[in-house]
Amino acid sequence: MTISGIKGMNDILPNEVQTWQFLESTARRIFETYGFTEIRVPVVEKTELFCRSIGETTDIVEKEMYTFTDKSGNSLSLRPEGTAPVMRSFIEHKLYTLDPVNKLYYLGPMFRYERPQKGRYRQFHQIGAEVIGVDDPRIDAQVLIMLVHFFAAAGIDTVELQINSLGCKECRPGYRQMLVTFLESRLNALCDDCRRRYLANPLRVLDCKVPGCREATVAAPSVLDHLCAGCNDHFVAVRSSLDATKTPYAINPRMVRGLDYYTKTTFEMVTENLGAQNAVAAGGRYDGLIKSLGGPSLSGIGFAAGLERLALLKTSSPVPPPRPDLFIAALGDAAGKEAFLLMSSLLQRNFRVEIDFLGKSLKSQLRRADKLGARFVLIIGEDELARNSAPLRDMRTATQDEVGLTDLAQLLMERLQQNSAPI
RNA sequence: GUGGGUGUAGCUCAGUCGGUAGAGCACUGGAUUGUGGCUCCAGGUGUCGUGGGUUCAAGCCCCAUCAUCCACCCCA
């Protein structure tokens with residue numbers, strides 16, 4: 001009886017890990033360009049942290065957390081998202097005393113107990129970024145521009161940036177009541193789900209996929225028409241910065257957030273290529289969160305991108321594994337030993353080199369060199385050892401010439417530079 | 001938590017009316033006493049997811065169960 005993995009928790013196998021590393025390194029490069037530095041926080045936190053930040057009545061907290069009691073009786077949870085732990089760390093270590101503006105990014109696994117489906121898993125990975133301490137709407141725009149920049153750098157072009165504003169604690173309650181009143185007037189036109197949730201999460205009704213609900217809510221009041229002056233000015237300024245930098249976006253006044261702490265600007269990168277999961281990245285401003293967690297009165301804005309979903313979008317153009325510069329094919333014991341020495345020496349000089357360890361025939365070794373995508377193959381046997389030179393085969397052009405073994409590293413470097421163009 | 005689909009070779013799948021299991025790809029070797037890709041040849045005893053049941057006989061029918069996928073809910 002073999003042991004299998006846990007439902008919804010996936011292995012990332014060698015043939016897909018290249019794509020993951022590409023996405024991660026691209027994100028790091030772009031985020032660091034914009035002045036963000038990485039912060040690493042534990043995957044386990046006190047349960048209370050998530051209750052207070054994400055919201056007691058959200059689905060995440062109510063039924064999706066991996067919560068357990070440790071041996072000293074504390075209630076702990078595997079993190080279902082990254083912002084709350086980062087804010088906890090920010091407050092705990094008083095990072096605001098070192099710099100009034102903090103730009104942080106994080107990367108790692110999150111856990112939610114949900115039924116797995118396409119693009120949705122119980123252990124999933126997010127890469128996220130947070131800016132703390134800036135109210136200026138230009139920072140909202142910069143975060144969005146960075147997000148767009150990242151997607152472009154990652155070669156993912158089947159996404160659209162959508163933005164919205166959820167207002168603040170001044171204007172949101174009034175709008176919410178107005179929306180509830182509107183929905184009550186259309187209650188019998190709504191689906192069962194929406195009738196159930198219109199009080200708890202009226203905004204969610206606007207995002208319902210059922211056509212009847214769509215029709216019933218076409219005339220629903222828009223949050224954007226009921227922002228207070230401050231929120232409206234902020235949203236206009238964000239749009240103005242996006243327009244000025246020619247950043248493409250769409251306004252989606254029906255965008256919803258699953259976490260309670262969001263205010264003002266919210267946004268998503270959405271795609272139509274992931275089945276039911278259309279959000280690849282999502283985020284927004286959270287001006288009250290840090291204070292509510294016992295920290296200073298500082299505003300924040302950030303987002304998280306789902307790496308599984310990004311990887312799914314990359315499957316159409318997978319990232320190839322690195323190819324060997326050289327495969328040394330050897331015939332006979334003496335040549336095998338020499339091949340090992342040559343390889344070791346070249347590896348120390350940072351060439352990618354492979355040899356055969358299985359005692360295969362020359363044909364078989366060449367097949368393997370081809371399969372690995374080796375750029376060159378050096379073929380050595382007894383004769384080659386005796387004359388201290390050997391044929392070096394260019395696998396791209398299927399030509400070969402005799403080269404000395406003494407200065408192989410120098411020669412290899414020249415040949416690799418000469419013809420480094422992709423196939 | 002709810003609903004539906006699918007479990008047969010490493011992978012993708014076929015398998016007729018129930019009659020004791022196949023293809024493509026991949027992999028390995030060979031066609032060249034030391035030369036890859038293309039082509040050709042050869043190489044498969046696989047708990048048919050698992051456990052019951054019906055039957056002379058079950059991959060196929062029935063029941064249960066597990067896994068997985070997709071969708072709902074929710075969300076990255």
Side-chain angles (χ1 to χ4, degrees), chain A residues 1-2 4-8 10 13 15 23 54 57-65 79-83 107-128 147 159 191-194 196-197 200-201 204 207-210 255-259 267-271 274-284 302-313 327 329-332 335 358 360-384 390-400 423:
Chain A
M1 188 62 183
T2 55
S4 59
I6 307 297
K7 181 201 291 283
N10 300 316
L13 300 174
N15 65 349
L23 292 169
I54 298 169
T57 61
T58 57
D59 277 24
I60 292 175
V61 168
E62 278 189 346
K63 53 190 189 188
E64 294 177 1
M65 286 210 295
R79 60 183 186 190
E81 61 107 29
T83 299
L107 166 58
M110 309 294 163
F111 304 85
R112 291 181 200 171
Y113 189 86
E114 303 178 88
R115 280 283 278 270
Q117 66 184 74
K118 188 177 183 67
R120 198 182 75 182
Y121 310 99
R122 289 184 172 180
Q123 174 173 330
F124 60 103
H125 298 77
Q126 288 185 332
I127 184 156
L147 190 58
V159 290
C191 70
D192 291 347
D193 281 330
C194 286
R196 172 176 57 73
R197 68 190 164 204
N201 191 354
R204 180 66 184 76
D207 198 40
C208 186
K209 292 164 187 160
V210 177
M255 185 190 302
V256 195
R257 272 291 85 99
L259 288 65
F267 52 91
E268 291 182 0
M269 293 294 279
V270 301
T271 180
L274 280 184
Q277 266 60 238
N278 64 344
V280 190
F303 64 84
L307 278 169
E308 279 82 0
R309 294 180 183 182
L310 290 169
L312 281 169
L313 291 177
F327 188 102
L331 290 153
L358 301 177
K360 298 280 191 179
S361 67
L362 178 63
K363 173 196 283 290
S364 186
Q365 291 186 56
L366 274 158
R367 276 191 187 150
R368 179 164 164 75
D370 184 56
K371 194 176 78 172
L372 294 173
R375 184 70 181 80
F376 294 99
V377 175
L378 185 75
I379 300 166
I380 57 175
E382 303 291 338
D383 295 348
E384 285 78 8
L392 181 67
R393 183 171 179 81
D394 184 328
M395 295 295 276
R396 220 180 278 177
T397 60
T399 57
Q400 60 193 51
I423 297 172

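Within every chain, numbering begins at 1; the chains are lettered A, B, ... in the order of the sequence lines, protein sequences first and strands thereafter.
At a threshold of 4.0 Å, the pair A:Asp193-A:Arg196 counts as salt-bridged, since one of the basic side-chain nitrogens sits closer than that to a carboxylate oxygen.
Atom-to-atom, CD1 of A:Ile6 to C1' of B:rU68 comes out at 15 Å; the value is rounded to the nearest Å.
Annotation: B:rG24 and B:rC60 have their C1' atoms spaced 23 Å apart (nearest Å). For the P atom pair drawn from B:rA76 and B:rU68, the interatomic distance equals 24 Å after rounding to whole Å. Here, B:rA58 and B:rU20 have their P atoms 11 Å apart, quoted to the whole Å. Atom C1' of B:rU47 sits at a distance of 13 Å from the matching atom of B:rA9, rounded to the whole Å. Taking atom C1' on both nucleotides, B:rC66 is separated from B:rG49 by 8 Å, rounded to a whole Å. Look at the C1' atom in both B:rG59 and B:rA71: the space between them is 29 Å, to the nearest Å. Between the P atoms of B:rC75 and B:rG3, the separation comes to 22 Å (whole Å). B:rA21 and B:rU35 have their P atoms separated by 41 Å, given to the nearest Å.
Residues satisfying the side chain to side chain contact (heavy atoms under 4.5 Å, CB included) criterion with A:Asn10, sequence neighbours excluded, are A:Tyr121. Annotation: side chain to side chain donor-acceptor pair (under 3.5 Å) contacts of A:Asp383 (sequence neighbours excluded): none. Every side chain to side chain contact (heavy atoms under 4.5 Å, CB included) that A:Ala390 has, sequence neighbours left out, goes to A:Leu378, A:Ile380, A:Glu384, A:Leu405.
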message = Let's test your reading of the pairing rules: Watson-Crick or G-U wobble, both distances under 3.5 Å, then write RNA chain B as a dot-bracket string with ( ), [ ], | and dots.
response = (((((((..((((.....[..)))).(((((.......))))).....(((((..]....))))))))))))....
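Judged by distance alone, the side chain of A:Arg393 and the main-chain N or O of A:Val377 form no donor-acceptor pair under 3.5 Å. The main-chain N or O of A:Phe267 is found under 3.5 Å from a side-chain atom of A:Arg257 such that the two form a donor-acceptor pair. Judged purely by atom type and a 3.5 angstrom limit, A:Arg112 has no side-chain atom pairing as donor or acceptor with the backbone of A:Ile60. Counting only distance, with no hydrogens or angles, the side chain of A:Arg375 and the backbone of A:Asp394 share no donor-acceptor pair below 3.5 Å.
Taking only side-chain nitrogens and oxygens, A:Ser4 never comes nearer than 4.0 Å to OP1 or OP2 of B:rC66.
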ask   = How does each nucleotide of nucleotides 70-76 of chain B score, in 5' to 3' order, for protein heavy atoms under 4.0 Å: base (B), sugar-phosphate only (S), or none (-)?
value = SBBBBBB
ask   = Along nucleotides 31-40 of chain B, 5' to 3', which nucleotides get a B, which get an S, and which get a -, given that the test is a protein heavy-atom distance under 4.0 Å?
value = ---BBBB---
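Between A:Pro109 and A:His125, some side-chain heavy-atom pair lies under the 4.5 Å cut-off. Using a 4.5 Å heavy-atom cutoff, the side chains of A:Leu274 and A:Leu313 are in contact.
Taking both residues in full, the closest heavy atoms of A:Gln365 and A:Ala329 are given as OE1-CA, 3.1 Å, listed atom of the first, atom of the second, then distance.
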